[in-house]
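Since the structure comes first, as structure tokens, the remarks are kept for the end.
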Protein chains: 2
Amino acid sequence: MEDGTWKAPSYCTGTDDDVRQWDTREDCEVRQILDRIADKWSLLVIALLDRRTMRFTELRKEIDGVSQRMLTVTLRQLERDGLIKRTVYPVSPPRVDYELTALGNSLQEVTKALVVWTERHQQEISEARTEYDQREILPVS
Amino acid sequence: MEDGTWKAPSYCTGTDDDVRQWDTREDCEVRQILDRIADKWSLLVIALLDRRTMRFTELRKEIDGVSQRMLTVTLRQLERDGLIKRTVYPVSPPRVDYELTALGNSLQEVTKALVVWTERHQQEISEARTEYDQREILPVS
DNA sequence: CGGGATCCAGCGCGATACTG
DNA sequence: CAGTATCGCGCTGGATCCCG
């Protein structure tokens, strides 16, 4: 749409610790990575792998509602991004272990904060929704 | 699918500070809220509203690629969740201001950490992807 | 300017069947 | 057990038109 020139925001250059300026461009790498991380299953997988190794079926049992296909796809993406390590044991029946890499572990700490926040404020959000929905019904007065 | 009985995980009762056990059930409130926050635009809106008030068009200009419809939908959801405050000025032409609530501000701090992480590690992720893709091509040997 | 209403395309995701 | 392959639906989200 526009020309390809743009100034790298502070969080890209690392020269500024005030991260107010996001790059909101669609093709920004940060947005692509965020989209990946924020998909339906990735956060759950990363959370479950906190400090332990898990097998495929184990993960599948823990994550309610995930299809075998989507678990496979999610694990492959996370592996490709270097966030988890996949270990195949050449035995029969096959056995595959998944664990976080160092990179994945550092992400885990950040996402955990997000979950803790959600847990801690779900009551407030729930109340806000109720109040909002009731306002909708009342006359404008 | 199953019976309605389940034990509340530690992060729901708040009796345990080790948040390893997620509730991974589909109808878990935490997962619903995470799904909401992690949609395509919410994080960007919350980020942009950091410590400032913005108008609709202003937001739309900043967020590359957002349609007017999706920006409206996103803002309504965030307002319903009590994360942002919407102020309508009865003037002509109309003017609507958006700003974070206290709740939204606390979330902002958490999500900022996620963005900072992404920024700081995008290089590593990019390299991991390249390496992974090259492994795919090589013979198993 | 800041929306609401409607229509519709893409694809994320689930269901199912098959495999080493 | 841990996948791969195929098919198809639903829902997110984009395009367009209209409005106070």
Side-chain angles (χ1 to χ4, degrees), chain A residues 1 24-27 31-45 48-49 53-80 84-99 132 135-136 140, chain B residues 1 24-27 31-45 48-49 53-80 84-99 132 135-136 140:
Chain A
M1 285 190 185
T24 57
R25 297 184 322 144
E26 281 194 277
D27 56 347
R31 265 185 60 186
Q32 286 176 21
I33 296 176
L34 279 180
D35 282 353
R36 167 66 48 83
I37 290 170
D39 70 2
K40 194 169 180 183
W41 306 110
S42 293
L43 279 176
L44 290 172
V45 170
L48 283 170
L49 288 177
T53 296
M54 293 182 76
R55 301 181 58 177
F56 186 87
T57 308
E58 209 175 342
L59 280 167
R60 213 188 151 184
K61 258 187 298 187
E62 291 284 334
I63 304 178
D64 182 45
V66 71
S67 69
Q68 162 219 51
R69 174 183 131 83
M70 284 317 297
L71 182 54
T72 302
V73 170
T74 301
L75 288 168
R76 286 292 182 283
Q77 288 176 342
L78 292 176
E79 186 195 2
R80 178 167 181 265
I84 63 175
K85 190 173 131 224
R86 179 170 176 265
T87 310
V88 184
Y89 298 96
V91 296
S92 182
R95 175 199 176 103
V96 181
D97 279 0
Y98 293 95
E99 60 186 317
Y132 182 91
R135 274 210 311 263
E136 295 298 276
V140 195
Chain B
M1 283 189 186
T24 56
R25 298 184 322 143
E26 280 194 278
D27 56 347
R31 265 185 59 187
Q32 287 175 23
I33 295 176
L34 279 180
D35 283 351
R36 167 66 48 84
I37 290 170
D39 71 2
K40 195 169 181 184
W41 306 109
S42 293
L43 279 175
L44 290 172
V45 170
L48 283 170
L49 288 178
T53 297
M54 293 181 76
R55 301 182 57 176
F56 186 87
T57 309
E58 208 175 342
L59 280 166
R60 208 182 157 190
K61 259 187 299 187
E62 291 285 334
I63 304 179
D64 182 45
V66 72
S67 68
Q68 163 220 54
R69 173 183 129 83
M70 284 318 297
L71 183 54
T72 302
V73 170
T74 301
L75 288 168
R76 286 293 181 282
Q77 288 175 343
L78 292 176
E79 186 195 3
R80 179 168 181 262
I84 63 176
K85 189 173 130 223
R86 179 169 176 264
T87 310
V88 184
Y89 298 96
V91 296
S92 181
R95 176 200 176 102
V96 181
D97 279 1
Y98 293 95
E99 59 185 319
Y132 183 92
R135 276 211 310 264
E136 295 298 275
V140 195

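Scope of the values below: all heavy atoms of this structure, side chains included, with no hydrogens, waters or symmetry mates. Labels below follow one simple rule: chain letters A, B, ... track the order of the sequence lines, proteins then strands, and each chain is numbered from 1. These numbers were taken from a predicted model, which means no experiment stands behind them.
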Going by salt bridge (Lys or Arg N to Asp or Glu O under 4.0 Å), name the residues that satisfy it together with [X], two or more places apart in sequence or in a different chain.
X	value
B:Glu99	B:Lys85
B:Arg36	B:Asp81
B:Arg80	A:Asp133

Answer yes or no: is there a side-chain heavy-atom contact under 4.5 Å between [X] and [Y]?
X	Y	answer
B:Arg55	B:Asp97	yes
A:Leu75	A:Phe56	yes
A:Leu59	A:Leu44	no

Only counting residues at least two apart or in another chain, list the ones meeting side chain to side chain contact (heavy atoms under 4.5 Å, CB included) with [X].
X	answer
B:Lys40	none
B:Glu79	A:Tyr132, A:Arg135, B:Arg76, B:Ile84, B:Arg86
A:Asp35	none
B:Arg69	B:Ser67, B:Val73

How would you list, by chain and number, every residue that makes a side chain to side chain donor-acceptor pair (under 3.5 Å) with B:Lys61, sequence neighbours excluded?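 Counting only residues at least two positions away or on another chain, B:Lys61 forms no side chain to side chain donor-acceptor pair (under 3.5 Å).
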Going 5' to 3' along nucleotides 12-20 of chain D, which nucleotides have protein heavy atoms under 4.0 Å from the base (write B), which only from the sugar-phosphate (write S), and which from neither (write -)? -BBBB---B
Separation between CD1 of A:Ile37 and CD of A:Gln77, rounded to the nearest 0.5 Å: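 So the gap between those two atoms works out to 11.0 Å.
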How close do A:Leu48 and A:Glu62 get, counting heavy atoms only, and between which atoms?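 So the minimum-distance heavy-atom pair works out to CD1-CB, 3.8 Å.
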Check whether any side-chain N or O of B:Tyr98 sits under 4.0 Å from OP1 or OP2 of C:dG3, and answer yes or no.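 True: B:Tyr98 side-chain N/O within range (under 4.0 Å) of C:dG3 OP1/OP2.
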Using the C1' atoms of the five pairs at each end, what is the angle between the end axes of the helix from C:dC1-D:dG20 to C:dG20-D:dC1, to 10°?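 The angle separating the two end axes equals 50°.
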Please report the distance, rounded to the nearest Å, between CZ in A:Arg86 and P in D:dA2.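 Nearest whole value for this atom pair: 10 Å.
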In residues 53-61 of chain A, which residues come under 4.0 Å of DNA chain C by heavy atom?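 None, since no heavy atom is under 4.0 Å.
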Specify the residues of residues 71-80 of chain B, ordered by number, for which at least one heavy atom lies under 4.0 angstrom from an atom of DNA chain C.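 Residues of residues 71-80 of chain B under 4.0 Å from DNA chain C: B:Thr72, B:Arg76.
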